[in-house]
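To keep things clear, I will list the structure first and then write my remarks on it.
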Amino acid sequence: MNKKVLVVDDEQSIVTLLQYNLQQAGFDVITAMDGESGKNKAIEEKPDMMVLDLMLPKMDGIEVCKQLRQLKVMTPILMLTAKDDEFDKVLGLELGADDYMTKPFSPREVVARVKAILRRTQQMNEIEVKEQDNHEQILIADLKILPDHYEAYFSDDRLELTPKEFELLVYLAKHKGRVLTRDQLLSAVWNYDFAGDTRIVDVHISHLREKIERNTKKPIYIKTIRGLGYKLEEPKMDE
């Protein structure tokens, strides 16, 4: 069965272009021309992936993303923006988008990113199936991760994580105590076949810290290693 991609954009030419290229790549494509319709179709049609424009009538892409995540709809989202405003991109990622691209873009690159995100999702699902019999869990102080159930807890409270946040947390935890560069994380978690933007990593690290650190200004789990990258470690007793 083909993977289903929902494309939400108010420019007919872009919708047609993306629909054609995604269909040529073997995807089933559904479309919407405004944010409200896009949100409703994401809920009703349950697509495997969503390509979402930032500037939309009725409801902008950031609000669509925010409302879907509040409703626990964790469909991976690739956000498109014609703006160069860094705040919009970062805000979109913080509200649960998995990646962003700036217009104008190559349709082939959009298809490549959609494939990369879906490939990572499929790999995580395969890992989940393989590990179900093992009931694997990762314990790091107050942090408990259940890769086979796609769940994570902090002080026994379940964490609400986007798919990409969960994958990043699992990868950090499985490499506990090891310094991982931004490029390593970008390659391992986002699985890009081309040069990516390492700021995506920083945004997701920041979002994870908000959920597992008691004081985000003095993190004790996810440490920044200046000039290198990040590492997740067991908190010291005096921290």
| message | Measuring only between side-chain heavy atoms, which start at C-beta, is Ile222 closer than 4.5 Å to Leu208? | response | yes
| request: Taking Asp53 for its side chain and Leu56 for its backbone only, find out whether a donor-acceptor pair lies under 3.5 Å. | output: no
| Carboxylate-amine/guanidinium contact Arg214 Asp142, below 4.0 Å | yes
| Tyr171 backbone acceptor or donor facing His175 side chain under 3.5 Å | yes
| said: Restricting to non-hydrogen atoms, name the atom on Phe105 and the atom on Thr102 that form the minimum distance, rounded to 0.1 Å. | reply: CB-O, 4.0 Å
| task | Tell me whether Leu71 is reachable from Phe166 by hopping between hydrophobic residues (I, L, V, M, F, W, Y) whose side-chain heavy atoms are closer than 4.5 Å. | result | yes
| message | For Gly38 versus Met50, what's the shortest heavy-atom pair and its separation? | response | O-CE, 3.9 Å
| said: Regarding Arg113 and Asp98, does a basic nitrogen lie under 4.0 Å from an acidic carboxylate oxygen? | reply: no
| Would the number of heavy atoms belonging to other residues, nucleotides or ligands and lying under 6.0 Å from NZ of Lys4 be above 12? | yes
| Gap separating the CG atom of Leu180 from the OG atom of Ser187, nearest 0.5 angstrom | 11.5 Å
| CG/Leu68 to CE/Met74 distance, rounded to the nearest 0.5 angstrom? | 9.5 Å
| query | Where the side chain of Arg69 meets the backbone of Val73, is there a donor-acceptor pair that is under 3.5 Å apart? | reply | yes
| query | Quick one: is the NZ or CZ of Lys144 closer than 6.0 Å to the six-membered ring centre of Tyr153, and within 45° of its axis? | reply | yes
| Between Ala42 and Pro47, what is the shortest heavy-atom contact and its length? | O-CD, 3.5 Å
| Do NZ/NE/NH1/NH2 and the carboxylate oxygens of Arg182 and Asp202 come within less than 4.0 Å? | yes
| request: Apply the test side chain to side chain donor-acceptor pair (under 3.5 Å) to residues Ser37 and Asp34: give CA-CA distance (whole Å), side-chain angles for both, the deciding distance (0.1 Å), then the verdict. | output: CA-CA 6 Å; Ser37 297; Asp34 64 73; 3.1 Å; yes
| message | Restricting to salt bridge (Lys or Arg N to Asp or Glu O under 4.0 Å), what partner residues turn up for Lys164, sequence neighbours left out? | response | Glu167
| field | Heavy-atom closest pair, residues Lys41 and Thr31 | value | NZ-O, 2.6 Å
| request: Test Met49 against Leu78 for side-chain contact (heavy atoms from CB on, under 4.5 Å), laying out the working first. | output: CA-CA 8 Å; Met49 177 80 200; Leu78 172 62; 3.6 Å; yes
| field | Minimal non-hydrogen separation, Leu161 against Ala152, with atom names | value | CD1-CB, 3.9 Å
| query | Between the main-chain N or O of Glu160 and the side-chain N or O of Lys211, is there a donor-acceptor pair closer than 3.5 Å? | reply | yes
| query | About how many Å separate CE of Met79 and CG of Leu52, when rounded to the nearest 0.5 Å? | reply | 4.5 Å
| request: Take Leu172 and Ile205 through the test side-chain contact (heavy atoms from CB on, under 4.5 Å) and record every step on the way to the result. | output: CA-CA 10 Å; Leu172 286 166; Ile205 289 287; 3.9 Å; yes
| Does the Ser155 side chain pair with the main chain of Asp157, one donor and one acceptor, at a distance under 3.5 Å? | no
| said: Give me the atom names and distance for the closest heavy-atom approach of Val64 to Gly35. | reply: CG2-O, 3.4 Å
| field | Basic-acidic side-chain contact under 4.0 Å: Lys103, Glu11 | value | yes
| query | Got a second to check how far Lys46's NZ is from Leu6's CG, nearest 0.5 Å? | reply | 13.0 Å
| query | Just how far is it from atom CG of Leu159 to atom CG of Leu169, taken to the nearest 0.5 Å? | reply | 7.5 Å
| Got a second to check how far Leu168's CG is from Leu186's CG, nearest 0.5 Å? | 10.5 Å
| Other residues, nucleotides, ligands: >12 heavy atoms within 6.0 Å of Asp156 CG | no
| Pairwise side chain to side chain donor-acceptor pair (under 3.5 Å) hits with a residue in residues 15-24, at least two apart | Gln12-Thr16
| said: Tell me if a side-chain donor or acceptor on Glu165 pairs with a main-chain N or O of Thr162 at a distance below 3.5 Å. | reply: yes
| message | Under a 4.0 Å threshold between the charged nitrogen and the carboxylate oxygen, would Asp48 count as salt-bridged to Arg119? | response | no
| request: May I have the step-by-step check of side-chain contact (heavy atoms from CB on, under 4.5 Å) for Lys176 and Ile140, ending in yes or no? | output: CA-CA 9 Å; Lys176 184 180 73 169; Ile140 304 173; 3.8 Å; yes
| task | Go through Tyr221 and Tyr230 one step at a time and tell me if the ring pair (Phe, Tyr, Trp, His ring centres under 6.0 Å) criterion holds. | result | CA-CA 10 Å; Tyr221 286 90; Tyr230 300 99; over 10 Å; no
| query | Do Glu234 side-chain atoms and Ala141 backbone N/O form a donor-acceptor pair below 3.5 Å? | reply | yes
| Test log, rule side-chain contact (heavy atoms from CB on, under 4.5 Å), inputs Lys115 and Leu118 | CA-CA 5 Å; Lys115 286 182 175 179; Leu118 286 172; 5.9 Å; no
